[in-house]
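Taking it in order: structure first as structure tokens, then the write-up.
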Protein chains: 2
Amino acid sequence: MKVNVAIVEDDKNYNQALKKIIDFQEDMICVAQFFNGTSALKELESLDPDVVLMDIQLQDASGIDLVFKLTETMSQTNFIMCTSFEDDDKIFTALRAGASGYLVKGEPMEKIIQSIQEAYKGGAPMSFAIAKRVLHHFHESKVQVQDLAALTPTEKEVLELLSEGLLYKEIADKKCVTIDTIKKHIGNIYRKLQVNNKIEAINKLNQNK
Amino acid sequence: MKVNVAIVEDDKNYNQALKKIIDFQEDMICVAQFFNGTSALKELESLDPDVVLMDIQLQDASGIDLVFKLTETMSQTNFIMCTSFEDDDKIFTALRAGASGYLVKGEPMEKIIQSIQEAYKGGAPMSFAIAKRVLHHFHESKVQVQDLAALTPTEKEVLELLSEGLLYKEIADKKCVTIDTIKKHIGNIYRKLQVNNKIEAINKLNQNK
DNA sequence: ATGAATATCACCCAAAAGGGTAATGGTTTG
DNA sequence: CAAACCATTACCCTTTTGGGTGATATTCAT
């Protein structure tokens with residue numbers, strides 16, 4: 001059973017090159033080529049391909065918007081974004097919109113083929129440059145403010161539970177202590193973080209996430 | 001120039017098996033094996049390996065904490081977490097702590113070797129199961145947008161101010177309306193977002209950021 | 001071993017938050 | 001035009017939160 005691939009790409013040469021290399025593979029076949037967003041939006045759904053290579057910058061639409069709309073109904077299809085740019089915002093917007101992978105143009109053809117396989121299997125194929133940015137997105141959160149470091153383990157735990165939306169009472173039950181103890185802890189947390197209410201404390205916590 | 005790899009893994013057999021397969025590669029070498037967290041924490045820094053395979057569950061420490069500490073100074077080293085479990089929280093905590101990759105145990109040896117290469121080159125090697133979860137993390141935000149879309153502009157503004165830590169009274173003053181109006185708006189916000197307090201509402205808001 | 005930090009519990013009090021009901025005027029839309 | 005939605009204000013009531021003070025037991029480091 002071959003992997004069904006569709007291409008949405010307005011550069012005719014690149015589109016054609018992609019089709020050729022895909023059809024050359026034993027285990028995949030290009031079932032459709034689109035050269036603009038409008039026709040892709042109309043016809044992609046009924047084709048139900050396994051993987052779509054989607055250009056981000058089409059003349060008549062944004063590939064990200066297309067993915068956003070199409071993933072609503074095409075839950076079985078994996079979308080791989082292809083782009084010349086590596087704008088941080090676009091990367092995360094695309095992933096949020098429902099894309100499974102993100103390649104910068106100029107990847108060698110083997111990498112693209114490999115990425116189609118990976119997307120088909122449920123992975124998250126990305127160019128190194130993109131993967132690095134996604135990682136960086138997580139790493140950013142690391143910078144621990146001194147304030148937070150001043151909290152005892154119990155206080156950190158209480159703050160964590162507080163940030164999940166639990167009431168004093170619920171935290172007390174969860175930790176099997178009285179509500180007065182929790183109040184005491186929270187009072188200490190506020191003093192150490194120099195804040196006066198939950199929201200401000202949680203904002204301090206979230207700055208580091 | 002070979003890729004220098006260190007292993008932190010308390011299962012002696014698995015640790016040994018990893019070393020063997022690594023040393024078997026032409027382009028990499030295992031420069032150190034650690035069987036507990038304490039010694040790894042002490043010695044890893046001076047070894048300055050290119051890649052570290054780090055078990056998450058050590059008897060004497062959490063691999064995540066080790067990575068957190070070690071990445072402070074070892075900015076050139078890429079850490080790949082290895083674990084039997086795929087707890088969502090652990091994945092993101094590990095990535096935030098500074099890990100570059102995340103493998104579940106039981107990956108074939110070729111995948112591990114390939115991941116070391118990928119980490120060395122600055123990529124983000126992950127097991128499919130993990131990649132799926134990271135993607136899911138992004139995709140989650142998509143659903144939320146709908147909920148927020150149900151809010152009127154005024155409600156969105158109030159929620160925004162609320163998330164900054166302002167009291168009802170302060171929001172009322174800022175918008176030059178009475179506190180009762182704000183209470184009404186907030187009541188409507190909670191109903192639309194299906195939550196019961198500030199924190200939960202703000203969490204919904206923040207999930208889309 | 002003395003003092004500091006931590007975790008625990010208690011009681012009091014005031015402010016803030018949250019839920020309910022009701023009413024008014026404006027806008028939009030079928 | 002009527003129905004629906006929106007923004008606004010008011011009043012009532014309960015629960016939750018936040019601040020203050022004080023006390024006890026444990027642990028940990030000087």
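Chain letters run A, B, ... following the sequence lines, proteins first and then strands; every chain starts at 1.
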- [ ] Mind listing the residues from residues 173-186 of chain B sitting with a heavy atom below 4.0 Å of DNA chain C? Number order is fine.
- [x]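 Nucleic-acid contacts, sorted: B:Lys183, B:Lys184.
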
Tell me: [atom1] of [X] to [atom2] of [N], nearest whole Å?
X: A:Ile199; N: D:dT16; atom1: CD1; atom2: P; answer: 16 Å
X: A:Tyr168; N: D:dT17; atom1: OH; atom2: P; answer: 6 Å
X: A:Arg191; N: D:dT21; atom1: CZ; atom2: C1'; answer: 14 Å
X: A:Leu193; N: D:dG18; atom1: CG; atom2: P; answer: 13 Å
X: A:Leu162; N: D:dT16; atom1: CG; atom2: C1'; answer: 12 Å
X: A:Leu167; N: C:dA16; atom1: CG; atom2: P; answer: 19 Å
X: A:Gln194; N: D:dG18; atom1: CD; atom2: P; answer: 17 Å
X: A:Glu155; N: C:dA7; atom1: CD; atom2: C1'; answer: 9 Å

TODO: Identify which nucleotide among C:dT8, D:dG19, D:dA7 has an atom closest to any side-chain atom of A:Asn196, counting heavy atoms from C-beta outward.
DONE: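 Per side-chain heavy atoms of A:Asn196, the pick is D:dG19.
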
TODO: Could you check which of C:dG18, D:dT8, C:dA7 has an atom nearest any side-chain atom of B:Tyr190?
DONE: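 Comparing C:dG18, D:dT8, C:dA7 against the side chain of B:Tyr190, the answer is C:dG18.
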
Look at [X] together with [Y] and state whether they make a salt bridge at an N to O cut-off of under 4.0 Å.
X: B:Lys19; Y: B:Asp23; answer: yes
X: A:Lys105; Y: A:Asp11; answer: no
X: A:Lys69; Y: A:Asp65; answer: no

Task: B:Lys192, B:Lys175, B:Lys184 screened by salt bridge (charged side-chain N to carboxylate O under 4.0 Å, His left out) with B:Glu155, the one that passes - done: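 It is B:Lys192, the one option of B:Lys192, B:Lys175, B:Lys184 that forms the salt bridge (charged side-chain N to carboxylate O under 4.0 Å, His left out) with B:Glu155.
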
Task: Plane angle bin for B:His137 and B:Phe92 - parallel if under 30°, tilted between 30 and 60°, otherwise perpendicular - done: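 The rings of B:Phe92 and B:His137 sit tilted, inter-plane angle from 30° to 60°.
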
Task: Heavy-atom pair with the smallest gap, counting every atom of A:Thr71 and A:Gly98 - done: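 Looking at all heavy atoms of both residues, the closest pair is CG2-O, 3.8 Å.
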
- [ ] For B:Asn188, answer base if it contacts any base atom (sugar-phosphate contacts may also be present), sugar-phosphate if it contacts only those atoms, and nothing otherwise; contact means non-hydrogen atoms under 4.0 Å.
- [x]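 Contact class for B:Asn188: none.
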
Task: Distance test, side-chain N/O of B:Thr152 to OP1/OP2 of D:dA7, below 4.0 Å - done: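 Checking B:Thr152 against D:dA7: at least one side-chain N or O falls below 4.0 Å of OP1 or OP2.
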
Open item on the list: Would you say A:Lys198 places a side-chain N or O within less than 4.0 Å of OP1 or OP2 belonging to D:dT17?
Closed with: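 Answer yes for this pair, as a side-chain N or O of A:Lys198 is under 4.0 Å from OP1 or OP2.
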
TODO: Answer yes or no for B:Lys111 and B:Phe128: cation-pi contact, defined as NZ/CZ to six-membered ring centre under 6.0 Å and angle to ring axis within 45°.
DONE: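 The answer is yes; both the distance and angle limits are met.
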
